[in-house]
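Structure, as structure tokens:
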Amino acid sequence: MSYVTGLTFGGTDWTPQFLQGIDWSKCLGCGRCFKVCGRGVMSLIALNDEGEVVDEDEDDDEVERKVMNVIDAAKCIGCQACDRVCPKDCHVYAPLAALAVT
Ligand code: SF4
Ligand code: SF4
């Protein structure tokens, strides 16, 4: 399978790796990946002690911890900056399959 590729400024081939998900079992909720991403792809969410997503404004007593979540994968440019700042290796990526030209 071939994938969508680009070029660096110097003309070297580059294959973007787009964010597919974040492993909540490893995430510390530190927010480093959120700060480094300029594309609005991720946001923190709250979980209860059973690992279920809760509304932190309405269910403040139930919040056990916060984790990073993918809220708009379509905005990702595949730079993997979020991976480089994550201390727990939480992010999962994939290249974008190129459409076959006939
Ligand atoms: S790969 Fe880049 S654009 Fe995509 S979520 Fe991570 S930092 Fe944002
Ligand atoms: S940098 Fe890693 S550990 Fe920190 S919030 Fe992002 S995914 Fe979670």
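FYI, side chains are in, hydrogens and waters are out, and symmetry mates aren't considered; it's all heavy atoms of this structure. Just so you know, ligand 1 is whichever comes first in the structure, and atom 1 is the first atom listed for that ligand.
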Can you confirm whether more than 12 heavy atoms, excluding those of Phe34, are under 6.0 Å from its CZ atom?
no
Between Lys26 (side chain only) and Asp89 (backbone N and O only), is there a donor and an acceptor less than 3.5 Å apart?
yes
Pull out every atom of ligand 1 sitting under 4.0 Å from any heavy atom of [X], numbered as shown with elements.
| X | value |
| --- | --- |
| Gln80 | 1 (S), 2 (Fe) |
| Cys82 | 1 (S), 5 (S), 6 (Fe), 7 (S) |
| Cys37 | 3 (S), 5 (S), 7 (S), 8 (Fe) |
| Arg39 | 3 (S) |
| Val41 | 5 (S) |

Look up atom SG in Cys30 and atom NZ in Lys35, then write down how far apart they are to the nearest 0.5 Å.
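One finds 8.0 Å between SG of Cys30 and NZ of Lys35.
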Report yes or no: does Leu19 have a heavy atom closer than 4.0 Å to ligand 1?
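So Leu19 counts as touching ligand 1.
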Where is the tightest heavy-atom contact between [X] and [Y], given as atom of each residue plus distance?
| X | Y | value |
| --- | --- | --- |
| Leu47 | Trp24 | CD2-CZ3, 4.1 Å |
| Cys86 | Cys90 | SG-N, 3.5 Å |
| Cys27 | Met68 | SG-N, 3.3 Å |
| Trp14 | Ile77 | CH2-O, 3.9 Å |

Considering only the protein, which heavy-atom contact is closest to [atom], and what is its distance?
| atom | value |
| --- | --- |
| atom 3 (S) of ligand 1 | Ile77 N, 3.5 Å |
| atom 4 (Fe) of ligand 1 | Cys76 SG, 2.3 Å |
| atom 2 (Fe) of ligand 1 | Cys79 SG, 2.2 Å |

Does His91 come within less than 4.0 Å of ligand 2, judged by its heavy atoms?
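Yes; His91 lies near enough to ligand 2 that a heavy-atom distance drops under 4.0 Å.
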Quick one, [X] and [Y] - any side-chain contact, counting heavy atoms below 4.5 Å?
| X | Y | value |
| --- | --- | --- |
| Ile45 | Val67 | yes |
| Glu56 | Leu44 | no |
| Val41 | Phe18 | no |

Intermediate values then yes/no, side chain to side chain contact (heavy atoms under 4.5 Å, CB included), Asp23 and Val92
CA-CA 8 Å; Asp23 186 343; Val92 178; 5.6 Å; no
Protein N, O or S atoms less than 2.8 Å from atom 4 (Fe) of ligand 2, ignoring waters?
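The answer, once waters are left aside, is Cys30 SG.
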